[in-house]
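Please read all numbers here as calculations on a predicted model, not as lab measurements. We name chains A, B, ... by the order of the sequence lines, and we start the count at 1 in each one.
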Amino acid sequence: MRYVKLKKEKIKEFLLALQDYGELYAPIKVSEKYFDFRKITNEQVDEVVLDYNRTLRPPRRFFFPEKEVLFTFNSKKVEMYENKEAFTSEPVVLFGVHACDIVGLRIMDSRFIDDQPDPYYRARREKGIIIGISCLPDEYCFCNVRRAEFVDSGFDLFLSEVEDGYVIRVGSVKGHKIIDATENLYVEVTKKDSDDLTAFDVKKSKMFTVSGNWDSLRYTLELNDEHPVIWMRESEKCLGCGNCTITCPTCRCYDVKDYPNLDGETGVRVRIWDSCQFREHGLVAGGHNFRPTKESRFKNRYMCKNAYCKEVTTAYCVGCGRCTYFCPAGINYKQNLIEIRGGI
Amino acid sequence: MTEELHRRYIPDGQDNLYDTHKCRVLRVYKQTEMDKVFLFRFIDQEVGKNWKFKPGQFVEVSLPGIGEVPISICSSAMRIGFFQLCIRKAGRVTTKIHELKPGDIVGIRGPYGNGFPMEKFFGRNLLLVAAGLGMAPLRSVFLYAIDNRWRFGDITIINSAKYENELLFARELEAMRDIAEAENIQIIQTVTREDSPNRLKGRASEHLDKVMIDPKNSTVALCGPPRMYKSMFEKLVEMNYDPRRIFVTLERRMKCGIGKCGHCNLGNSTSWKYACIDGPVFDYYDIISTPGMLE
Amino acid sequence: MTMKTTIIPEDQKIEIKEEIKRKPTIGVYALTSCYGCQLKIATVSKIIEIADSVDIESFYMLSSASSMHKKVDIAFVEGSVSTKKDLEELLEIRKNSKTLVGVGACALQGGVQSWNHGDKNYKDLFENVYGKSKIEISEAIEAKPIEEYVKVDFRLPGCPPEEEEIIYFISTFLFGSWPEEKDYPVCQECRFAGNICLLIEKNEPCLGSITTAGCNARCISYNVPCIGCRGPVPNDVAWFDSLAKVFVEKGFTEEYIRERMKIFGSHHPKLEELLTKVFGGEKK
Amino acid sequence: MTTIKFTQPITVDHIARIEGKAGIEVQIKDKKEVEVKVNIFEGPRLFESIVIGKSVEEATAVFPRVCSFCAAAHKITGLLAAENAIGLQVSEQTAKIRELMYIGDMIESHALHLFLLALPDFLGYPDGISMGKDHPSIIKTALQLKDLGAIIQTITGSRYIHQENALMGGFGKIPTKTKLNEVVNLLRNSKDISTVALEQFVKYELWEEVSSERIHLALEPKNNIYGIIGEKIKATDGTSFNANEYRENIEERVVPHSFAKHSSYRGKRFTTGALSRITLFSSLLNDKGKELYQNYNNFINPNNPLSNNIAQAIELSYFIDRAEEITLEILDNYKEESRIKPTFKEGTGYAVTEAPRGLLAYMISVNKEGKVRKADIITPTAMFLAQKEVDLKIMTESLVKKGIDNPSEISQKLETIVRSYDPCVSCSVHVTKLGR
Ligand SMILES: Cc1cc2nc3c(=O)[nH]c(=O)nc-3n(C[C@H](O)[C@H](O)[C@H](O)COP(=O)(O)OP(=O)(O)OC[C@H]3O[C@@H](n4cnc5c(N)ncnc54)[C@H](O)[C@@H]3O)c2cc1C
Ligand code: SF4
Ligand code: SF4
Ligand code: SF4
């Protein structure tokens with residue numbers, strides 16, 4: 001690995017420089033409690049927040065947009081024409097991604113690239129630039145037990161906070177090129193910085209409210225598939241609104257819909273994020289629903305998120321805390337998992 | 001039929017895995033009031049020549065502007081360049097498919113799914129149990145077995161439906177009766193909801209005792225509505241069929257057919273499966289480790 | 001020892017008849033409403049394209065050549081049944097149409113005029129406005145969704161409906177297919193839009209989570225909590241009870257919650273049942 | 001009494017190309033005595049009753065649903081009355097943005113009425129769409145102007161029908177500067193088409209047969225700029241009264257043939273609308289407006305309802321200028337503001353504004369929790385309905401006198417007159433409590 005150091009006062013310049021590599025997106029404060037990755041123009045670099053808790057919308061949306069035209073078609077000719085947008089669009093430079101979200105993206109990759117690549121996702125992802133940043137957990141975070149509190153791949157650059165700046169780890173050829181081109185921004189990494197990094201890690205690990213790892217959780221969950229209380233009690237509160245899955249950095253479900261035009265001939269085939277919390281997710285022709293109740297849909301998410309993701313970590317959940325933070329019904333996913341586990 | 005087919009989602013000559021190949025409808029046969037059989041041929045002969053599938057696999061049929069649906073291939077895997085689909089009019093897309101006439105074109109991608117591991121069936125007796133639309137994928141298995149008759153022991157097929165006029169491929173099976181006898185193939189057709197002079201009465205499971213093949217050394221393939229599986233499975237085990245040699249095919253909602261869209265997930269956190277890539281054919285070990293599969 | 005496959009008797013082959021293609025005929029009708037749905041249909045940006053691709057037989061707001069008695073392929077009906085005359089007209093429209101699309105909150109949920117459904121006696125409400133005077137032109141009856149009287153084939157929700165959906169409906173019909181119903185809530189689109197959640201953050205009585213999606217969370221994008229104008233999510237997934245509990249925690253009273261949910265949901269068959277689960281038997 | 005119907009009673013079951021459901025019924029006795037009824041069978045929606053006991057904030061969200069054509073008018077008038085009831089004073093900027101939104105409604109409604117509902121009568125088409133086939137440039141102009149009005153309402157109110165963004169105390173989100181600048185550009189680009197409607201209508205003569213004396217009522221605009229908001233109502237008979245006295249001055253009564261009530265001003269029938277506004281306040285128009293008014297003065301006969309089309313056409317052009325002015329004023333003093341959350345106390349508030357079709361009056365009374373105790377709405381259509389019936393009667397009589405007895409010819413003419421009023425039937429059936 002290659003390390004350089006960026007002093008705090010150079011952050012702005014660094015962000016401005018990043019604009020040369022594509023459309024820059026970074027976290028900004030959008031309301032009292034919320035942050036979101038938004039497009040950053042030259043005037044907005046000051047608004048970029050470096051110590052946010054979590055963003056409203058997950059980073060996957062930059063590579064797997066909420067709504068995306070897959071094809072335009074001509075129904076008379078029965079022909080479909082690939083939408084080239086994903087291939088021709090500007091690369092996305094995503095600044096300020098937390099470790100858990102980087103793991104989240106790699107989980108997305110495992111389904112969308114590793115095994116028979118989805119061309120749209122891959123095109124966007126391969127040209128995209130990911131710049132990670134270190135963070136400290138709040139009470140919603142449990143990335144540590146998900147083995148997602150630290151990453152050593154999946155980013156181009158990673159900024160780790162030290163006292164007067166950031167130590168940047170370079171994680172890819174693209175990362176090297178960015179550093180090479182902006183060499184004058186950096187200083188050497190010192191022993192003090194290295195000590196700072198360790199101190200930061202120590203501080204961070206002490207802030208987590210859970211410890212160890214939850215690798216065995218999926219077995220516990222399976223054993224509690226018929227838990228007498230928790231599923232019913234919690235799903236009763238659920239609004240079925242899908243906020244948990246939409247904000248989740250690793251949810252991948254999508255629906256495909258054809259939108260015809262008024263000419264009776266052409267139109268678009270679109271994919272839209274779906275959610276297993278919606279009724280139609282498990283519905284098949286003839287009206288049979290494999291997840292007919294709110295409880296069964298509710299449970300499905302817990303099972304999916306805790307299933308084994310052998311390609312990346314140990315589970316599809318990275319412990320970012322979004323599904324609790326953004327649940328209007330105040331359902332505490334982390335707490336529920338703890339309850340099922342019977343301990344932290 | 002090699003294992004290599006299983007993971008090859010992108011047919012040759014196509015770089016977008018969601019793109020389709022044009023296929024022309026050659027013939028349309030009415031099966032029942034709700035079901036029609038369509039015979040397709042690839043317009044691009046090259047594609048057609050190289051296009052192979054395994055019994056139990058399915059394709060995504062696409063009508064631009066209406067949508068895409070997964071449909072099991074019901075014809076013999078031995079015929080190159082042609083395939084048949086038996087389609088029930090169930091909703092938006094299938095209704096539109098039912099309006100197709102010979103000469104019309106649809107988009108096809110696939111084949112998808114694991115299909116039946118036919119080579120594991122070789123040298124054994126074969127029991128096929130179909131209920132309703134379940135006959136569609138099992139017909140493919142059945143035709144495969146007939147085409148490769150020497151590789152199998154005795155064969156029994158049970159075809160069931162609610163009413164006589166809903167029995168799929170009933171006439172075809174009927175027409176085969178003579179040959180079947182000569183070939184040691186037993187055909188049982190039964191209806192559950194009415195008395196019919198030509199058919200047996202009752203559910204498929206009620207006629208298992210009539211099956212002539214020896215449970216030992218047999219492979220069973222089940223396909224039908226999920227609710228039939230559980231009792232069927234128990235009964236078969238009771239009758240000494242080897243549970244490890246019972247295969248079922250499952251239906252789930254599917255949008256992509258290739259393990260991306262997430263709709264067909266089933267199971268719980270230790271056995272999280274996608275019906276489209278891990279299935280739709282599942283075996284005993286899947287069944288015991290994946291709750292809800294037989295529901 | 002192989003056998004030839006695909007033995008299908010010839011007589012099962014299907015006869016092919018060529019259909020003659022013609023433009024579908026449509027009618028746009030109103031019962032009692034604000035005429036907003038018709039206005040919206042009349043003013044969609046692609047109205048000229050629509051007019052080219054279908055034959056508009058009736059459209060009262062736009063054309064004096066309109067008539068209830070003409071046969072049409074697709075009838076778009078807005079408005080609630082609020083008079084005996086409305087009902088007669090509705091039955092006539094149903095009789096003359098192959099497909100009937102209920103349009104808007106009035107037709108589908110009874111509209112805001114149903115706000116008091118189940119609470120106040122209709123006669124009192126009426127007399128409050130008209131006194132005891134007799135109106136002979138037709139008999140007024142309590143506003144009801146059209147589905148209480150006739151079969152509705154498709155539902156185009158909204159107060160008024162969104163342009164995108166109007167075009168989607170007509171386009172699918174032109175393709176010889178039909179539109180898919182949305183049965184997920186506004187929250188989905190609200191997150192897509194990157195809005196903050198007014199319910200969580202501002203404690204606003206947002207009905208997004210029980211309201212049918214399709215508006216791209218229009219109001220919330222303007223910081224205005226959803227009042228549910230697209231009607232409760234269909235297919236029994238509008239969880240009035242769970243949301244009521246959240247509202248109670250935020251300090252809203254039972255009366256307020258019930259009344260807010262009733263603006264566009266008073267005819268929902270499950271509303272009272274689910275609210276009773278939260279608030280107990282007697283409603284205040 | 002024998003009724004001699006000279007072939008059959010002339011009835012128009014359902015007048016098309018108006019907003020709402022109404023019919024005309026004409027009885028002609030002894031070839032001269034004419035009785036005309038405008039039957040309004042749009043079902044009642046009882047707005048004033050249903051909001052009782054409800055939170056006033058929700059009530060103001062429901063009021064625009066009285067009518068889609070003037071949703072913004074109902075929204076804003078309702079908000080003003082509600083704010084007056086609790087003594088809430090909004091910021092100047094809020095008032096301006098509201099006025100802009102209201103004008104957007106005016107532009108949209110006038111454009112729709114003039115081009116799509118009224119003009120086909122004159123050009124001889126059953127509807128605007130078939131008219132558009134032969135006159136594509138007219139329909140293009142119509143849609144452009146309608147869009148202009150719609151866009152103004154959308155950026156201010158969130159959409160052009162039922163603008164949820166306008167709330168008590170202000171807006172959920174105020175339009176951005178970028179959006180406002182876009183509107184300014186659109187307005188500027190629309191100036192050259194702003195008089196197309198006027199040029200069309202002045203090709204046709206007013207039917208003199210329908211002229212008769214009438215009283216006009218209109219709101220005296222604040223700041224002496226021709227407009228929408230004001231406090232005092234003036235009448236052409238020289239009288240005037242304050243908005244909060246409207247219930248003492250305008251009386252409503254139920255008639256058996258209509259779910260809309262008939263109104264009178266101090267016992268006399270009267271009319272209201274663009275023609276009334278222009279009759280009373282043409283001197284407050286801007287220069288261009290005044291010029292148009294002068295140039296087409298022959299076509300503006302206060303006693304002829306058909307002149308209302310001309311008045312609307314002049315207004316359409318004027319309000320495009322006025323919208324630009326207001327938008328620029330907003331931009332000049334642009335402030336990031338959030339709305340004032342209302343605090344409730346007991347009170348009664350009145351508001352009268354000029355809706356596209358004329359005076360719109362609201363009274364809302366709330367208790368200390370902010371629940372509606374009483375509400376009262378009088379809509380323009382309810383106000384001019386009685387006068388309209390008289391006009392139709394006069395018209396029929398003179399046609400009969402001339403020996404015209406072809407029912408379809410008569411009914412065609414009558415419909416044209418009805419349309420010239422631009423009646424808003426949905427509005428009119430939500431009417432007030434009786435003056436009990
Ligand atoms: C592996 C597999 C094999 C199948 N084989 C056959 C077959 O051989 N013959 C046959 O007639 N049918 C078969 N089906 C069922 C068939 O896919 C559905 O009947 C069809 O999708 C209904 O679509 P529709 O648009 O007509 O119905 P709608 O109810 O209008 O469906 C709406 C949408 O839901 C989706 N959907 C609904 N039901 C299903 C479903 N069961 N599976 C996946 N998506 C669904 C469709 O994508 C469709 O766009 C099979 C399904 C699966 C999963
Ligand atoms: S965010 Fe909360 S309320 Fe909404 S679906 Fe998820 S768990 Fe249910
Ligand atoms: S099944 Fe549910 S939890 Fe899993 S990826 Fe899909 S939406 Fe997310
Ligand atoms: S603001 Fe309303 S619509 Fe949006 S997420 Fe929250 S509850 Fe749902």
Side-chain angles (χ1 to χ4, degrees), chain A residues 29-38 55-58 61 65-67 75 234-248 255 257-267 272-275 277-281 283 287 289 292-294 297 322 325-331, chain C residues 21 23-24 44 46 48-54 164 167-168 170-177 179-202 206 208-211 213 223 233-243 245-246 249-250 277:
Chain A
K29 199 170 162 67
V30 292
S31 70
E32 243 159 76
K33 276 179 80 182
Y34 291 175
F35 300 89
D36 195 22
F37 289 112
R38 295 280 164 96
T55 58
L56 176 58
R57 290 179 293 178
R61 65 181 287 265
E66 290 90 348
K67 268 190 191 171
S75 67
E234 295 297 311
S235 66
E236 275 270 292
K237 298 185 205 163
C238 175
L239 302 166
C241 67
N243 271 316
C244 48
T245 60
I246 297 164
T247 57
C248 176
D255 197 0
K257 287 192 161 65
D258 283 9
Y259 290 101
N261 290 339
L262 285 167
D263 59 9
E265 202 171 311
T266 62
I272 307 167
W273 290 3
D274 203 347
S275 168
Q277 305 307 299
F278 299 159
R279 168 184 166 273
E280 244 198 30
H281 195 273
L283 187 73
N289 198 329
T293 60
K294 191 160 65 162
R297 296 190 280 267
R322 284 189 180 84
Y325 200 67
F326 298 112
C327 175
I331 297 171
Chain C
K21 278 261 183 269
K23 287 185 191 177
V44 296
K46 295 196 173 157
I48 305 287
E49 255 183 79
I50 292 176
D52 280 343
S53 48
V54 300
E164 221 174 82
I167 293 173
Y168 170 67
I170 295 176
S171 308
T172 55
F173 291 136
L174 285 169
F175 265 66
S177 181
E180 258 179 273
E181 185 173 48
K182 293 200 171 98
D183 61 3
Y184 51 85
V186 170
C187 292
Q188 188 238 38
E189 298 176 336
C190 189
R191 278 301 75 72
F192 282 13
N195 295 332
I196 64 157
C197 179
L198 298 176
L199 178 59
I200 301 179
E201 238 198 321
K202 300 264 160 76
C206 184
S209 60
I210 53 164
T211 303
N223 291 325
V233 192
N235 297 322
D236 282 345
V237 286
W239 303 105
F240 299 103
D241 51 345
S242 311
L243 185 60
K245 274 189 235 153
V246 178
E249 272 164 38
K250 309 253 172 205
K277 256 173 78 180

Distance check, rounded to the nearest 0.5 Å: [X] atom [atom1] versus [Y] atom [atom2]?
X: C:I196; Y: A:K29; atom1: CD1; atom2: NZ; answer: 10.5 Å
X: A:L56; Y: C:E201; atom1: CG; atom2: CD; answer: 9.5 Å
X: C:K182; Y: A:K257; atom1: NZ; atom2: NZ; answer: 7.5 Å
X: A:E280; Y: C:E180; atom1: CD; atom2: CD; answer: 5.5 Å

Picking from A:N261, A:T247, A:V30, which has the most non-hydrogen pairs under 4.5 angstrom with chain C?
-> A:N261
Note: vs chain C, highest number of non-hydrogen pairs under 4.5 angstrom among A:S75, A:G267, A:P65 is A:S75
Are A:K33 and C:I200 side-chain neighbours, meaning at least one heavy-atom pair lies under 4.5 Å?
->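 They are in contact (side-chain heavy atoms under 4.5 Å apart), so the answer is yes.
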Evaluate the side-chain proximity of A:D263 to C:S53: yes if any heavy-atom separation is below 4.5 Å, no if none is.
->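 In short, these two side chains do not touch, never coming nearer than 4.5 Å.
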Output all residues satisfying ring pair (Phe, Tyr, Trp, His ring centres under 6.0 Å) with C:W239, sequence neighbours left out; order by chain, then residue number.
-> none
Judged by atom type as modelled, is there a donor-acceptor pair below 3.5 Å linking the side chain of C:S242 to the main-chain atoms of A:L239?
->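 Such a contact is absent between C:S242 side chain and A:L239 backbone.
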Could you look at C:K245 and say if it's the side chain, the backbone, both or neither that has a heavy atom under 4.5 Å from chain A?
-> side chain
Considering only heavy atoms, which portion of C:F175 lies under 4.5 Å from any heavy atom of chain A: side chain, backbone, both, or neither?
->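 The side chain, not the backbone.
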Can you say whether the rings of A:F278 and C:Y184 are parallel (under 30°), tilted (30 to 60°) or perpendicular (over 60°)?
-> parallel
Does the pair C:V233 and A:R279 meet the rule for a side chain to side chain contact (heavy atoms under 4.5 Å, CB included), with working shown?
-> CA-CA 10 Å; C:V233 192; A:R279 168 184 166 273; over 6 Å; no
Heavy-atom contact with chain C under 4.5 Å, split by part of A:Y325 =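 Contact with chain C involves the backbone of A:Y325 alone.
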Test salt bridge (charged side-chain N to carboxylate O under 4.0 Å, His left out) on A:K237 and C:E249 and set out the steps.
-> CA-CA 12 Å; A:K237 298 185 205 163; C:E249 272 164 38; over 6 Å; no
Report the C-alpha separation of A:L262 and C:I167 in whole Å, then their side-chain angles, then the decisive distance to 0.1 Å, and conclude whether the side chain to side chain contact (heavy atoms under 4.5 Å, CB included) test is met.
-> CA-CA 7 Å; A:L262 285 167; C:I167 293 173; 4.0 Å; yes
